[in-house]
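Below is one structure, written out as structure tokens; the observations come after it.
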Amino acid sequence: MKLLRHPISLPCLVDVLMLALLAATVFSLLQPQHVPSSLSTGLPWLMLTAIAVLTVTRIYLASQLRAITHILAQAEAAQHTAEEAVKTKARFLATMSHEIRTPMNGVIGMTRLLMNTPMSKKQSEFVESIHLSGEHLLTVINDVLDFSKIEAGKLDLKREPFDLRACIEDIISLLHAKALEKNLELAYTVGPSIPLFIEGDQVRLRQILTNLVGNAIKFTDRGEITIFVLPRRHKGDEYELEFQINDTGPGIPANRLESIFEQFSRADDKLVRQREGTGLGLAISRHLIEMMHGNIWVQSTVGVGSRFHFTIRTRKAKGQLKPCLQNNIPAITGKRILIVENNPASCQSLHDACKGWGALADVVHTSADAISRMAIGKSYDVVLVETNLPGDTPLTLARYIRSRYSKQELPLILIAPPNDRHPKIVVRELYNQYLTKPVTRSRLFDSLMTALGDTSLVMPKPAKSSLKLGEWLPLRILLAEDNPINQMVATAILEEMAYTTTVVENGVQALEALRTQPYDVIFMDMQMPEMDGLEATRRIRAEFPAEHQPVIIAMTANALEGDKQECLDAGMNDYISKPVLPEAVEATLQRWCLPKEKQQEEPDHATAIH
């Protein structure tokens, strides 16, 4: 049977049989006395016929073998061609990514710097349009690169613990400004039975949610966008979660519901032309969700809105519990809290948080309902009031409560958007605290604890300082960058932070500069003439003693999968991809040059009103 597995063995087998038959024929003809008389006449002819048949078979098998060999050679050549095509595509993407990101860093960086200079209103509008167009082009580039990674099978998912609710809050905080421009409400709720920490790829989950929520904001002109996270099923520590993103936008026609998840597909070309888009975002999200062993689908009614669903499989994980994540906080346990909120998702989120801390929470949707409850004798320890209430203003409720209780007897917390137009003086007279949206658990926790008179678990807020980073964290900074425009962008960003920067154009000059005087930080481009950033970093790590080793941060247009790891493997401390954002530069400097105990806490968005 082993012979059948090798095509070349079949002709050999036929050759053996032919030789055996030929030998037997010759034997029968030369020595007929050894052959029975009944067979002596017909046997030679029978053998010769068999030999002829085997000869034809041998010729046929040889031709088949040549055909199979030709097919295998073609397949091998095709495989080699395909492998070369993949390598060529990867090299092309890497080159194009670098070549596009380098000028994009100049466009976005320079326009951002220009926006901070005195200009007329019309000039400001022109510059802002350039800046937004640059950011949109960068989104297109990132989408194309992500899709190419998925197609090539080069995109891998991480499995690490993260706080699901904090992940969603980060997305809402990121997109809140865009929603606020259109006066849209953003809210979320996570089922109370879902673990605080889950295992998975937080970055990719954030990418999926940012894409879906961003699309909802893009296509919704009024109303609200809500995120619901529900448990579908779980066994032990294994969970299947369902995410729902609801909007009140124009809806999607029924005949386009399936095709919108295909690459370069758009639900409504006219709407997309008005709002821009690559047609890749949903396709990328679908691939990522499938990699998380989930599915995505959509329900929509034209003129009413859309609801995108997707599922992922994950497992419960352990993490460091902050006070705002703990259950049954003594200062809150048993306290009666009235929540006056009209948005269902916000209601659920506030209610679940308060209940988790041990409070007895009631929810009403209008000022009139709240007043009715209190009029019949219901008493509360804290009242949370949202500004966007139907048919009435939160000032009416606050005036009613203040006519019966002082600020000390019944604290009131106003939840309002950053651009709230209620008179500040009146708000100060009636409310104890002013909590701006989006409301995170940590800030809600701090507000409640402060209102209840217990600040033992409240995170201390850093003292506000008008000093720039370079004025209280002096650093000697070297920039290794060969592109003149990118030199200007980087030095301008650092100048805004009160740093003076030495600039060199390649790795050779960086080594010479470091031999002349020590530097605390080097921002290193990867691709430079004479000596690139990777080789320069290896030389620095090998040549200089530990006490003279600078922090080396890649500042590069190389943004493909593996580029960051290549920088770290060469000995760099961190990595910033172009276009470079000032926030990224400042955060990286603080991460590597500040003692951990002095690193900045979360910005304060809750204001006590005295």
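Throughout, numbering of the chain's residues begins at 1 and tracks the sequence. What you see is a predicted model; the values in this text were computed from it and never measured.
Gly106 and Ile485 make their closest contact through CA-CG2, 3.7 Å (heavy atoms, listed as atom of the first residue, atom of the second, distance). Between Glu481 and Lys578, the shortest heavy-atom contact is OE1-NZ, 2.6 Å. Shortest non-hydrogen contact noted between Gln549 and Ile540 is NE2-O, 3.0 Å. Minimum interatomic distance between Pro550 and Asn573 (heavy atoms only, all atoms of both residues): O-OD1, 4.0 Å. Taking all atoms of both residues into account, the shortest heavy-atom contact from Ile108 to Pro579 is CD1-CG, 3.7 Å. Taking each heavy atom of Gly507 and Ala536 in turn, the nearest pair found is CA-CB, 3.7 Å.
Scored by the side-chain contact (heavy atoms from CB on, under 4.5 Å) test, Pro545 finds Glu547, His548 as partners (sequence neighbours excluded). The side-chain contact (heavy atoms from CB on, under 4.5 Å) test applied to Leu475 returns Leu473, Ile477, Tyr499, Asp520, Val521, Leu589, Cys593, not counting sequence neighbours. Every residue two or more places apart in sequence or in another chain was checked for a salt bridge (Lys or Arg N to Asp or Glu O under 4.0 Å) with Asp201, and none qualifies. For Asn215, the side-chain hydrogen bond (donor to acceptor under 3.5 Å, both in side chains) partners at least two apart in sequence or on another chain are Asn211. Among residues two or more places apart in sequence or in another chain, the salt bridge (Lys or Arg N to Asp or Glu O under 4.0 Å) test is passed with Glu128 by none. In terms of the side-chain hydrogen bond (donor to acceptor under 3.5 Å, both in side chains) criterion, residue partners of Tyr519 (sequence neighbours excluded) are, by chain and number, Thr502, Gln517. Every residue two or more places apart in sequence or in another chain that forms a side-chain hydrogen bond (donor to acceptor under 3.5 Å, both in side chains) with Glu169 is listed here: Tyr188, Arg441. Applying the ring pair (Phe, Tyr, Trp, His ring centres under 6.0 Å) criterion to His176, with sequence neighbours excluded, gives no partner residue. Shown here are the side-chain hydrogen bond (donor to acceptor under 3.5 Å, both in side chains) partners of Ser300, two or more places apart in sequence or in another chain: Ser306. In this view, Glu199 and Arg159, Thr314, Arg315, Ala317 satisfy the side-chain contact (heavy atoms from CB on, under 4.5 Å) rule, not counting sequence neighbours. Applying the side-chain contact (heavy atoms from CB on, under 4.5 Å) criterion to Ala353, with sequence neighbours excluded, gives Trp357, Leu444.
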Report all side-chain donor-acceptor pairs from residues 565-572 shorter than 3.5 Å, counting only partners two or more places apart or in another chain.
residue : atom : partner : partner atom : Å
Gln565  : NE2  : Asp569  : OD1          : 2.8

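For the 3.5 Å distance criterion, the side chains of Thr210 and Gln207 fail to qualify, holding no donor opposite an acceptor.
A 4.5 Å side-chain heavy-atom check between Asn486 and Val580 finds every atom pair outside the cut-off. Between Leu478 and Met524, every side-chain heavy-atom pair lies at or beyond the 4.5 Å cut-off. Between Phe445 and Lys322 there is no side-chain heavy-atom pair separated by less than 4.5 Å. In this structure, the side chains of Met292 and Arg313 stay at 4.5 Å or more apart for every pair of heavy atoms. Looking at Gln590 and Leu469, their side chains come closer than 4.5 Å, going by heavy atoms from C-beta outward. A heavy-atom distance below 4.5 Å is not found between the side chains of Met488 and Leu113. Proximity of Gln320 to Leu325: side-chain heavy atoms (C-beta onward) are nowhere separated by under 4.5 Å.
Rounding to the nearest 0.5 Å places CZ of Phe197 at 10.5 Å from CG of Leu164. Rounding to the nearest 0.5 angstrom, the gap separating the CG atom in Asp482 from the CE atom in Met528 is 7.0 Å. Separating the CD1 atom in Ile289 from the CH2 atom in Trp297 is a distance of 9.5 Å, to the nearest 0.5 Å. Going from atom OG1 of Thr537 over to atom CD1 of Ile522 covers 7.5 Å, rounded to the nearest 0.5 Å. The distance from atom CG of Leu534 to atom OG1 of Thr556, rounded to the nearest 0.5 Å, is 8.5 Å. Going from atom CD1 of Ile296 over to atom CG of Leu282 covers 6.5 Å, rounded to the nearest 0.5 Å.
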*Begin from the C-alpha positions of Glu240 and Ile312 and carry the test side-chain contact (heavy atoms from CB on, under 4.5 Å) through to its verdict.*
CA-CA 6 Å; Glu240 183 180 25; Ile312 64 169; over 6 Å; no
_Derivation and outcome, side-chain contact (heavy atoms from CB on, under 4.5 Å), residues Arg443 and Thr436_ = CA-CA 9 Å; Arg443 293 191 289 108; Thr436 56; 4.1 Å; yes
*Applying side-chain contact (heavy atoms from CB on, under 4.5 Å), run through Ile260 and Phe308 and close with a yes or a no.*
CA-CA 11 Å; Ile260 61 171; Phe308 281 81; 3.8 Å; yes
*Any chance you could lay out the side-chain contact (heavy atoms from CB on, under 4.5 Å) test for Glu185 and Lys437, step after step, and finish with the verdict?*
CA-CA 10 Å; Glu185 181 81 11; Lys437 293 183 175 182; 2.6 Å; yes
*Apply the test salt bridge (Lys or Arg N to Asp or Glu O under 4.0 Å) to residues Arg112 and Glu496: give CA-CA distance (whole Å), side-chain angles for both, the deciding distance (0.1 Å), then the verdict.*
CA-CA 12 Å; Arg112 190 199 63 80; Glu496 285 186 341; 3.2 Å; yes
_Test salt bridge (Lys or Arg N to Asp or Glu O under 4.0 Å) applied to Glu535 and Arg538, step by step_ = CA-CA 5 Å; Glu535 180 60 26; Arg538 295 188 192 100; 3.5 Å; yes
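At distances below 3.5 Å, not a single donor-acceptor pair connects side-chain atoms of Asp247 with backbone N or O atoms of Ile225. Although no hydrogens or angles enter the test, the distance criterion places no donor-acceptor pair under 3.5 Å between the side chain of Glu224 and the main chain of Leu184. Side chain of Thr516 to main chain of Glu512: a donor-acceptor pair is present (N/O by atom type, distance under 3.5 Å, no hydrogens or angles). No donor-acceptor distance shorter than 3.5 angstrom exists from the side chain of Thr220 to the backbone of Ile217, with no hydrogens or angles considered. Although no hydrogens or angles enter the test, the distance criterion places no donor-acceptor pair under 3.5 Å between the side chain of Ser349 and the main chain of Ala345. Side-chain N or O atoms of Lys182 include one that pairs as donor or acceptor with a backbone N or O of Lys218 at under 3.5 Å. Judged by distance alone, the side chain of Glu471 and the main-chain N or O of Lys468 form a donor-acceptor pair under 3.5 Å. The backbone N or O of Glu505 lies less than 3.5 Å from a partner atom in the side chain of Gln509, making a donor-acceptor pair.
Within a 6.0 Å sphere centred on CE of Met497, other residues, nucleotides and ligands contribute more than 12 heavy atoms. More than 12 non-hydrogen atoms from other residues, nucleotides or ligands lie less than 6.0 angstrom from CD of Glu160.
A salt bridge is absent between Glu238 and Lys316; no separation between the charged side-chain nitrogens and carboxylate oxygens falls under 4.0 Å.
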